[in-house]
Every structure is written in structure tokens, then in C-alpha cells.
2 protein chains.
Amino acid sequence: MASAAGVSISTASKALNDTGRMGAETRERVKRIAGEIGYRPNALARGLLSKRSFTIGLLTNDTYGRFTLPVMAGISDALVDHGVSVFLCAIEDDPALAQTHVDAMLDKQVDGIIATGKRLDRRLPVDLSNLHVPVVYAFTEGTQNSVTFRSDDEQGAKLAVEWLAKIGRRRIAHITGPEEFFSVRERAGAYHQVAGHREPVLYGVWSESWGHEAVEQLWKRPGEKPDGLFCGNDQIARGAVDALRERGIEVPQDVSVIGFDNWEIVAAQTRPPLTTVDMELKELGRQAGLTVLALAEGRFVEPGVRKLPCRLIVRQSCGGEAPGK
Amino acid sequence: MASAAGVSISTASKALNDTGRMGAETRERVKRIAGEIGYRPNALARGLLSKRSFTIGLLTNDTYGRFTLPVMAGISDALVDHGVSVFLCAIEDDPALAQTHVDAMLDKQVDGIIATGKRLDRRLPVDLSNLHVPVVYAFTEGTQNSVTFRSDDEQGAKLAVEWLAKIGRRRIAHITGPEEFFSVRERAGAYHQVAGHREPVLYGVWSESWGHEAVEQLWKRPGEKPDGLFCGNDQIARGAVDALRERGIEVPQDVSVIGFDNWEIVAAQTRPPLTTVDMELKELGRQAGLTVLALAEGRFVEPGVRKLPCRLIVRQSCGGEAPGK
DNA sequence: TTGGATTGAGAAAAGCTTTTACCAAGTCCA
DNA sequence: TGGACTTGGTAAAAGCTTTTCTCAATCCAA
């Protein structure tokens, strides 16, 4: 204990926290000694008193981490300066496991919980609406009157289609995932709005093989072929690029392809590397982190859904701009 | 407080913890009331007293999470039943950030720390050797006298090469990553041992494009071509498969290809899906979790490096077995 | 009936920090 | 010189559990 080395016990606390009255010399001496003996206050004891544990929980059902990791990185990035640490709880889609983790977090007096997932229109398999700690939702469906952060898929899709139009593509097709996904419908809506209805939307699944197959379908149809493909995610885009190459069609010379997600491992390794839409999940995480912190500190935050803009990442699969960016 | 609802205060504690002496009827009543009002003991107060926070920290420099997520899943899986939650701290390769996170964890009285990374032969940019909490290393280089878990890359590589041999491949080449990686040398060593020196080892980088280029190199050389490719990771394998297809060489009919890592997103999406070696990182995480828990509880654990066996995942890129497995 | 053993439950301490109340000594001004 | 401040610091309470001690009542045997 620092007090042993210094002089008293409550004085030590005041010295280290720059609070209370005392001689400047005493304060300095206590601080110095504390530094020398490497004294660190026990956060448990502090938390017991202050009702703040400087700990939050991140709950996710995105086992693979495609979406969770960037969100986590953003949260951590925003909160580490505030001394807040993050419990990561991966609950598959198991309600019992989820409840176990939530209970464990509540026992540990987390200051708040961030719920995240892999789909904007699905709830986590656990009810977080009546907890006595603040909850914010990031990239997953929230409850009434909650604060929810999500990507603006409509704006992101517009970005993509407008980019294709800007570089001169006129017959733009849209190959995407299952129609029951909210993101799919929203992106398709934006596609229709910007590109008109000249080409159909091909709904399928989120896989490379679907991208591959969709290209086969498109090119087997009679009539003019598309000169631009807006794909619902990078995996589909990659499958499409592969299918085009197998048909001897050059990307981006003959056809421009654009993806969605900016999943580096797919987008950057495709030949040519994919131009794609980034949902800025890290920024999303950052804002979610700051928000849950604000709520934990009792500050008021307007409930509602906040849509964060996407960003276009230009690589080489569209042409139209110097590859060197 | 449960005591208000029940009868006393210390009696309540004893009732809920099944400790101390008291009438069975009283114990039952306290438990019932506690359940009714949803009483949950404050883990901070408990931890303050017991010196156990039921919290551990997971430190990683694997930003992308390729290796960390399975390890984390294993840890969490093993420890959730013990009521232990996990702080995830992603420290890029930034020593200052790492120290910040370690300090935050120590302040919060973690029961132990697991260090993990993306490379067996690299240390995290922070010294964990003289902490007063137990540290175990998983999939990263540990310190003297520490407990370290790692995959047995030699055994995994043997598994792969022996499998190729078993299905009749005789001219097996090895395309792999940079020679300065310990894993690369160990896998190459096993390759030499099993396959002999009939084919060279091609060292390169961990990318699809290297796999692609390596195949070009191999097939441009005069003389007999390989009929089996053992690739250092799944990305290289995927690049190789793509290159073979472009040359009109059938996989697995003409050439068998085997990868390493079982990175689902790459291995399962390759056409044909990759037979590959899984390092069982989840199991590795599980053991690391149980070990740090044992150390936290004061049980003795023999220091040293523990190598966990890899497992062969048979898909379709080798042939030799019914694809339906 | 009485002394020792047993039983049921409450009182108190400990764990570590922060905060509030308090005290002794010095300072100031009328 | 004596009341009103100011200064520098300590004592104590609070926050929530668990554990050890203590105490009163009951019970059994002699």
C-alpha cells in the first residue's frame, strides 16, 4: 500500500487523484513514491464504490467475426483512452449461452452492453430491453427506443452504381444475396433508383459459386450483355470475376465489377483487386462505444437509428481511374 | 439486498452459498426469495475479498483475427462454465498500446492473461514475464519457463504429405511462405522427410498470387511435372488451383492439391473445395483457457511447450476418397 | 436438574478505495 | 488578545460479500 511508503491513507488517495487540499510538496512526494513502488489502485474496490467498473460487454452472434472484429476494433479504439476494457462474448445463436454471458457480464457490473451481429434485420437471441445498464445496438436490429447504429446500405449502393455510371457503364446488372435480407432489398432499391430497370436483379446466396453461376445465367441469355456488375458482396463479386475470366471476358476492360463489404481477404486477393463499398464498421464501432460510454455516465442520448455513410474503395476491377489511386 | 427480503445479512450469504449451519427451511426460503427478486451477488465485492475476479485477458496482435478468433472461441467455451469472462485486447504491434491494455487488465485484477498472435516464432511487443498473474502463451512465442501451446506443424505437414502419397502421388512439390517463418521451416522439414528430395521447395509469400506464380514456375520447367502440391496455406493453395485450371490441368484428376490452415472462407469456397490441414486452434484455446485457470487457482502446471496435433480435413482437391466423405 | 454438546442465526471484520467530516495549528484582523 | 478563517492532514464511513466469531437456545445424558 502506498500509504505505508508515504504518510497516511486517505491523503494518498487525494494526492493521487488531485483532489482535496494539501501541501504541494506532500502531493508531489506521494505521487513520486507511488510511482516508485509501482502502486496501482484496485479497480474492483474503486468500482464497488463508484458504481462504475470501466468495463463493457460486446455481445455478438457473428461467430466468424467478419463484422464483429472491425466493430470491436473501433470500440476498443474509442474506449481504451477512457480506461474501459471490453468483454467479448460470442454467442452463436444459442439463447441459453447468450443468457449465461449476459448474466456473467451483469454480475461483473459492466457499465453497458453493445450488441452486434451479422445482419441488420435480425435480433440477438436474448432480450436486452429491460436491463439496468445501457445497451446500444450496432449492426444488428435494436429494440424500441434504443440507440442503434447501422450502415447506410442505400447510400453505399448508390455510391457503387453511380461510380459504374460515371465511368461509362450503361448496362449494369445486380447480383446479390437472398431477398429476405434487409440489406439486399435496400441495396437493390438503390440500384433500381439509380440504374433504372434496364437489367434484372439476380437474387441468390452469399457465395462465390453463386456469383459464378449468376454470370453464366446472364451471359447465356440472348441479347446484349451487361458491361457493369454491381455485386451484393465481395464473395459474389469474386465468383463473378472468375466466371468472366473463364469466358475470356476482360475485367475491367470489357466489364466493370464492383463488390460490397471491402472484406480485404477477398477483395484485395481477387485478380484484379476489387473496387468495393466499405461499410466503415470500425467507425460504427467507435461511435457505438462512445455512445454507450455517454449513457453510462448518465448523459442523454437521443434514441433512434443512426445510419453511417459507406465509402467507396477504388481498386482495379472497374477501371476508370488510375489503379495507383 | 436479499437480506431485506429474507431475514438477516450474513445468513443470506451462507444460504446462497450452501455454507455454514442453518435450518433447511431457512436456507430454502432465502434461496426462494433471492430467486424471486432476481438477486445477483456483486462480482466486484466478491472479487475484492476472494482475490479472484473471474476475468482473464486475451492479448493478441492478430488484428485480422484469423488465428485469434478460433482461439478465443475455445477459451470462452472452456471458461464460460466456470463463470470466467474474457477481455479481448487487440494490440496491433504497438508496444505502448499493448502496455496500456496490460495495465488496464492488471488494474481490473484479471486472474490471468493469455497471449496469442499470428506467428509461432514472434513475441508480442510487451513483456509479460514478471507479472504477478499467470500468463500462458498460445500460438505465439513464450518466454523461458512459461507454458506455451502451439500447433504441431511438423506432424500436420506429415499428415498432408502422407495423404498425398497414400492416394498415389509420387512427384509432390511444396509451395510455401517465407523461409524465415518457423512454421515454414518446420513444415518444409517434414515435407523433405516424408517426400524425399525429388522436388524442390518453393518459398514465397502467403498470398494467392504467389501460389499462382509458383505453379507457373513449376510448369515452365522442363521435365516431368508434379502430380501433387502441398501448399503452405490455403491462400497459396487456392492460387495454385486457379493457375492449374487456367492451364487446363484438372484438380484433382491430374494434380492433387492440399492446403494448410483450414481457413473456411478460402478452403471451402475454392473450386474444388480444398483438402487441408486444420491446426485445431479452438482446442488449443480451450487448453490454454483451462491452463490459465488452473494456474490462477494455484494448481501446479509443468512449464514447457505443448504441441497439439493437427487434423486432416478431406474435401475434394485431392481425390482419393469419396467426396461425400 | 444440570452441565456439556449441538444447533441456528446474527455481529463483526476484512478486502481496497474514495469521500465527507473533522481536528489541530497557524494566520489574520479588529 | 480573541474570534474567524485558512491550511494540512487524519479518521471514519460507505460500497457489497464472505468468513470467522460469538451468543442464545435447545437437547441429551448423567
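Just so it is clear, the model here is predicted, and its values are computed rather than measured.
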With a non-hydrogen cut-off below 4.0 angstrom, is [X] in contact with a base, only sugar-phosphate, or nothing?
{"X": "B:Thr26", "value": "sugar-phosphate"}
{"X": "B:Lys51", "value": "sugar-phosphate"}
{"X": "A:Arg40", "value": "sugar-phosphate"}

Specify the separation, in whole Å, of atom [atom1] of [X] and atom [atom2] of [N].
{"X": "A:Gln109", "N": "D:dC16", "atom1": "CD", "atom2": "P", "answer": "9 Å"}
{"X": "A:Arg52", "N": "C:dT17", "atom1": "CZ", "atom2": "C1'", "answer": "16 Å"}
{"X": "B:Leu44", "N": "C:dT17", "atom1": "CG", "atom2": "C1'", "answer": "12 Å"}
{"X": "B:Ile9", "N": "D:dT17", "atom1": "CD1", "atom2": "C1'", "answer": "8 Å"}
{"X": "A:Met22", "N": "C:dG26", "atom1": "CE", "atom2": "P", "answer": "19 Å"}
{"X": "A:Asp18", "N": "D:dG8", "atom1": "CG", "atom2": "C1'", "answer": "16 Å"}
{"X": "B:Leu49", "N": "D:dT18", "atom1": "CG", "atom2": "C1'", "answer": "5 Å"}
{"X": "A:Glu25", "N": "D:dT7", "atom1": "CD", "atom2": "P", "answer": "17 Å"}

> Which is it for B:Met105 and B:Leu59 under the side chain to side chain contact (heavy atoms under 4.5 Å, CB included) test, yes or no, and what are the steps along the way?
Replying inline: CA-CA 10 Å; B:Met105 294 194 302; B:Leu59 209 61; 4.0 Å; yes
Short side-chain N/O contact from [X] to OP1 or OP2 of [N], under 4.0 Å:
{"X": "B:Thr11", "N": "C:dA9", "value": "no"}
{"X": "B:Asn17", "N": "D:dT17", "value": "no"}
{"X": "A:Tyr39", "N": "C:dT17", "value": "yes"}

> What's the closest nucleotide to the B:Pro41 side chain, out of C:dA11, D:dT17, C:dT17?
Replying inline: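 Between C:dA11, D:dT17, C:dT17, the one nearest the side chain of B:Pro41 would be D:dT17.
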> If you fit an axis to the five pairs at each end of the helix from C:dT1-D:dA30 to C:dA30-D:dT1, how big is the angle between those two axes, to 10 degrees?
Replying inline: 70°
> Once you round to the nearest 0.5 Å, how far does CZ of B:Arg119 lie from OG of B:Ser183?
Replying inline: 8.0 Å
> Between B:Leu48 and B:Arg21, which is nearer to the 5' end of DNA chain D once each is assigned its nearest nucleotide?
Replying inline: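 It is B:Leu48, whose closest nucleotide lies nearer the 5' terminus.
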> Hey, are B:Ser53 and B:Lys108 close enough side-chain-wise for a donor-acceptor pair under 3.5 Å?
Replying inline: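 No, B:Ser53 and B:Lys108 have no side-chain donor paired with an acceptor closer than 3.5 Å.
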>> In terms of relative ring orientation, are A:Phe181 and A:Trp206 parallel, tilted or perpendicular, with 30° and 60° separating the classes?
In response: perpendicular
>> Any donor-acceptor pair, under 3.5 Å, between the side chain of B:Ser8 and the base of C:dA9, if you only look at N and O atoms?
In response: no
>> Looking at B:Lys14 and C:dG10, is any side-chain donor or acceptor paired with a base atom of the opposite kind under 3.5 Å?
In response: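 Present.
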> Taking the six-membered ring where the residue is Trp, are the ring centres of A:Phe87 and B:Phe87 under 6.0 Å apart?
Replying inline: yes
>> Any salt bridge linking B:Glu280 with B:Arg311? Criterion: basic side-chain nitrogen under 4.0 Å from a carboxylate oxygen.
In response: yes
> Is A:Glu28 salt-bridged to A:Lys31, going by a charged N under 4.0 Å from an acidic O?
Replying inline: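 No, this pair does not count.
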> Which residue lies toward the 5' end of DNA chain C, B:Ala24 or A:Ala45, if each is placed at its nearest nucleotide?
Replying inline: B:Ala24
Please set out all donor-acceptor pairs under 3.5 angstrom arising from side-chain atoms of residues 297-306 of chain A, sequence neighbours excluded.
from: A:Glu297; atom 1: OE1; to: A:Arg299; atom 2: NH1; distance (Å): 2.3
from: A:Arg306; atom 1: NH1; to: A:Glu302; atom 2: O; distance (Å): 3.2
from: A:Arg306; atom 1: NH2; to: A:Glu302; atom 2: O; distance (Å): 3.0

